[in-house]
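Working notes for the structure below.
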Amino acid sequence: MTHPPVHHNAPPGLRAWLDSVDASREPSVRDVTIDGVRCIIKRRRPGILQGVSYVLRYVRALFLAVGCKVFLGEFPRPSVLLRNGLAHEGQRLAQLLQAGARVPEVWWREQNLLVLEFVGEDLADLIRNEDSTSRLWLTRAAAADLAAFHVRGMWHGGAQIRNVTLRDGEIWRIDFEENIGATLSRPLAQAYDLFQMLASLVSLRKLEDDDARLLGKLALDVYLESNPDPEVRVRLKRLARVLCGIAMPLRPILARFPSRDIQGFFRVADILQPLLLKP
């Protein structure tokens with residue numbers, strides 16, 4: 001990042017607008033314009049079965065942690081993984097804003113509520129609907145921005161292409177609820193960011209197989225050129241070994257299924273596979 005991001009000002013009528021709506025009827029995420037200023041309102045409501053939900057989420061986090069330890073050599077603590085949600089996102093955004101990252105400002109914050117600055121249209125939608133030249137530019141920009149973000153020692157935790165936006169020609173980052181990077185080493189957290197970006201990019205709707213693979217390979221090449229960190233490459237190579245090892249026996253069975261997620265899995269495994277051939 002060569003210059004500090006330029007932020008918009010919060011709408012003067014924000015507090016009055018929040019008071020005027022029935023919070024119980026509001027969706028979990030709302031894109032709204034107040035006094036001519038666009039903002040994102042995120043809410044979380046505690047469920048009736050909150051205790052049961054926590055147990056189920058802990059079990060899921062435990063399985064994720066065990067799998068991470070077995071395949072990638074690190075054990076992300078489930079208790080840390082579960083420190084996510086809006087409170088965590090608000091804290092992370094405050095830290096990233098102080099560091100000068102291009103992330104939305106928090107305009108209002110209270111329990112189970114965040115009001116965030118709108119920072120542009122998400123790249124997933126733009127890439128799906130733009131022409132091939134624009135797709136290449138957006139992919140390069142997203143990969144270079146992630147690399148620059150990582151060079152500064154940061155991690156996203158939710159680096160899917162839908163959580164990258166474009167505003168006034170600049171790349172911004174949104175959605176920082178996930179906490180996995182807080183319990184992994186910095187290189188593995190960053191390698192996981194890159195995997196999330198690649199997997200989501202090659203799984204986009206409206207992309208033909210050849211186009212998806214071209215964009216995925218371009219993103220990987222641009223990222224590794226912009227961030228040649230050997231520690232990240234080592235973790236990425238180990239992740240590639242795991243993905244390719246899983247993809248090999250499954251390909252004869254599942255390769256013909258049209259599911260975007262299944263096809264995206266095989267595509268990202270193929271894109272990462274050349275890393276295994278390099279020392």
Side-chain angles (χ1 to χ4, degrees), residues 1-47 83-131 134-135 137-138 141-142 144-146 148-149 152 154-179 196-197 200 204-206:
M1 187 179 302
T2 57
H3 54 84
V6 177
H7 293 280
H8 295 164
N9 294 321
L14 175 59
R15 178 69 264 181
W17 188 94
L18 292 172
D19 290 338
S20 71
V21 299
D22 183 352
S24 66
R25 295 178 178 272
E26 286 292 295
S28 58
V29 179
R30 182 170 178 180
D31 181 341
V32 63
T33 300
I34 303 170
D35 296 332
V37 180
R38 197 169 172 185
C39 52
I40 304 297
I41 299 176
K42 303 179 74 170
R43 298 178 187 271
R44 298 293 180 270
R45 284 185 288 275
R83 293 177 201 156
N84 55 14
L86 297 188
H88 169 72
E89 181 170 22
Q91 293 169 0
R92 282 216 65 204
L93 285 172
Q95 295 167 355
L96 293 168
L97 283 163
Q98 187 173 18
R102 281 193 295 271
V103 298
E105 282 191 335
V106 179
W107 284 344
W108 194 273
R109 177 177 170 182
E110 59 188 61
Q111 187 173 13
N112 298 319
L113 172 68
L114 279 182
V115 180
L116 304 175
E117 173 189 15
F118 176 78
V119 292
E121 305 296 337
D122 73 81
L123 260 62
D125 191 53
L126 291 174
I127 290 173
R128 279 194 295 261
N129 295 296
E130 292 288 347
D131 59 32
S134 296
R135 285 175 176 174
W137 183 88
L138 290 167
D145 183 82
L146 182 63
F149 191 70
R152 300 181 64 198
M154 295 182 281
W155 53 271
H156 191 148
Q160 295 94 334
I161 204 71
R162 68 175 182 271
N163 292 331
V164 182
T165 70
L166 183 71
R167 189 181 81 183
D168 300 328
E170 292 187 317
I171 297 294
W172 294 70
R173 301 193 162 273
I174 62 172
D175 199 345
F176 290 88
E177 292 185 38
E178 297 302 322
N179 198 27
Q196 285 185 307
M197 184 186 71
S200 61
L204 286 176
R205 288 184 291 105
K206 297 186 179 181

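We're numbering straight along the sequence, starting at 1.
- Taking the ring centre of Trp155 as origin, the terminal cationic atom of Arg92 falls inside the region bounded by 6.0 Å and 45° from the ring axis.
- A donor-acceptor contact shorter than 3.5 Å links the side chain of Arg135 to the backbone of Glu130.
- Heavy-atom minimum distance, Leu96 versus Phe176: CD1-CE2, 3.4 Å.
- Looking only at side-chain heavy atoms (C-beta outward), Leu18 and Ile41 come within less than 4.5 Å of each other.
- Within the 4.5 Å cutoff, side-chain heavy atoms of Trp172 are placed close to those of Pro5.
- Within the 4.5 Å cutoff, no side-chain heavy atoms of Trp107 are placed close to those of Ile34.
- When all heavy atoms of Ala99 and Met154 are compared, the closest pair comes out as CB-SD, 4.4 Å.
- A heavy-atom distance below 4.5 Å is found between the side chains of Glu177 and Leu86.
- No side-chain heavy atom of Val6 sits under 4.5 Å from any side-chain heavy atom of Glu170.
- Across Pro104 and Leu97, no two heavy atoms sit closer than the pair O-CD1, 3.7 Å.
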Trace of the side-chain contact (heavy atoms from CB on, under 4.5 Å) decision for Glu89 with Val106: CA-CA 10 Å; Glu89 181 170 22; Val106 179; over 6 Å; no
Got a list of side-chain donor-acceptor pairs under 3.5 Å for residues 115-129, not counting sequence neighbours?
{"unit_1": "Glu117", "atom_1": "OE1", "unit_2": "His7", "atom_2": "ND1", "d": "2.8"}
{"unit_1": "Glu117", "atom_1": "OE1", "unit_2": "Glu105", "atom_2": "N", "d": "3.0"}
{"unit_1": "Glu117", "atom_1": "OE2", "unit_2": "His8", "atom_2": "N", "d": "2.8"}
{"unit_1": "Glu117", "atom_1": "OE2", "unit_2": "Arg167", "atom_2": "NH1", "d": "3.1"}
{"unit_1": "Glu117", "atom_1": "OE2", "unit_2": "Arg167", "atom_2": "NH2", "d": "3.4"}
{"unit_1": "Glu121", "atom_1": "OE2", "unit_2": "Arg38", "atom_2": "NH1", "d": "3.2"}
{"unit_1": "Asp122", "atom_1": "OD1", "unit_2": "Ala124", "atom_2": "N", "d": "3.0"}
{"unit_1": "Asp122", "atom_1": "OD1", "unit_2": "Asp125", "atom_2": "N", "d": "2.9"}
{"unit_1": "Asp125", "atom_1": "OD1", "unit_2": "Asn129", "atom_2": "ND2", "d": "3.1"}
{"unit_1": "Asn129", "atom_1": "OD1", "unit_2": "Lys206", "atom_2": "NZ", "d": "3.0"}
{"unit_1": "Asn129", "atom_1": "ND2", "unit_2": "Asp125", "atom_2": "O", "d": "2.8"}

Applying salt bridge (charged side-chain N to carboxylate O under 4.0 Å, His left out), run through Arg162 and Asp175 and close with a yes or a no. CA-CA 9 Å; Arg162 68 175 182 271; Asp175 199 345; 5.5 Å; no
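- Asp131 pairs by the salt bridge (Lys or Arg N to Asp or Glu O under 4.0 Å) definition with nothing, not counting sequence neighbours.
- Nearest heavy-atom pair across Asp35 and Gly13 is OD2-N, 2.7 Å.
- In this structure, Asn179 contributes its side chain and Arg83 its backbone to a donor-acceptor pair below 3.5 Å.
- Counting non-hydrogen atoms of neighbouring residues, nucleotides and ligands closer than 6.0 angstrom, the CD atom of Glu110 exceeds 12 such neighbours.
- Residues Met197 and His156 fail the side-chain proximity criterion, which asks for heavy atoms closer than 4.5 Å.
- Separating the CG atom in Asn112 from the CZ atom in Arg44 is a distance of 9.0 Å, to the nearest 0.5 Å.
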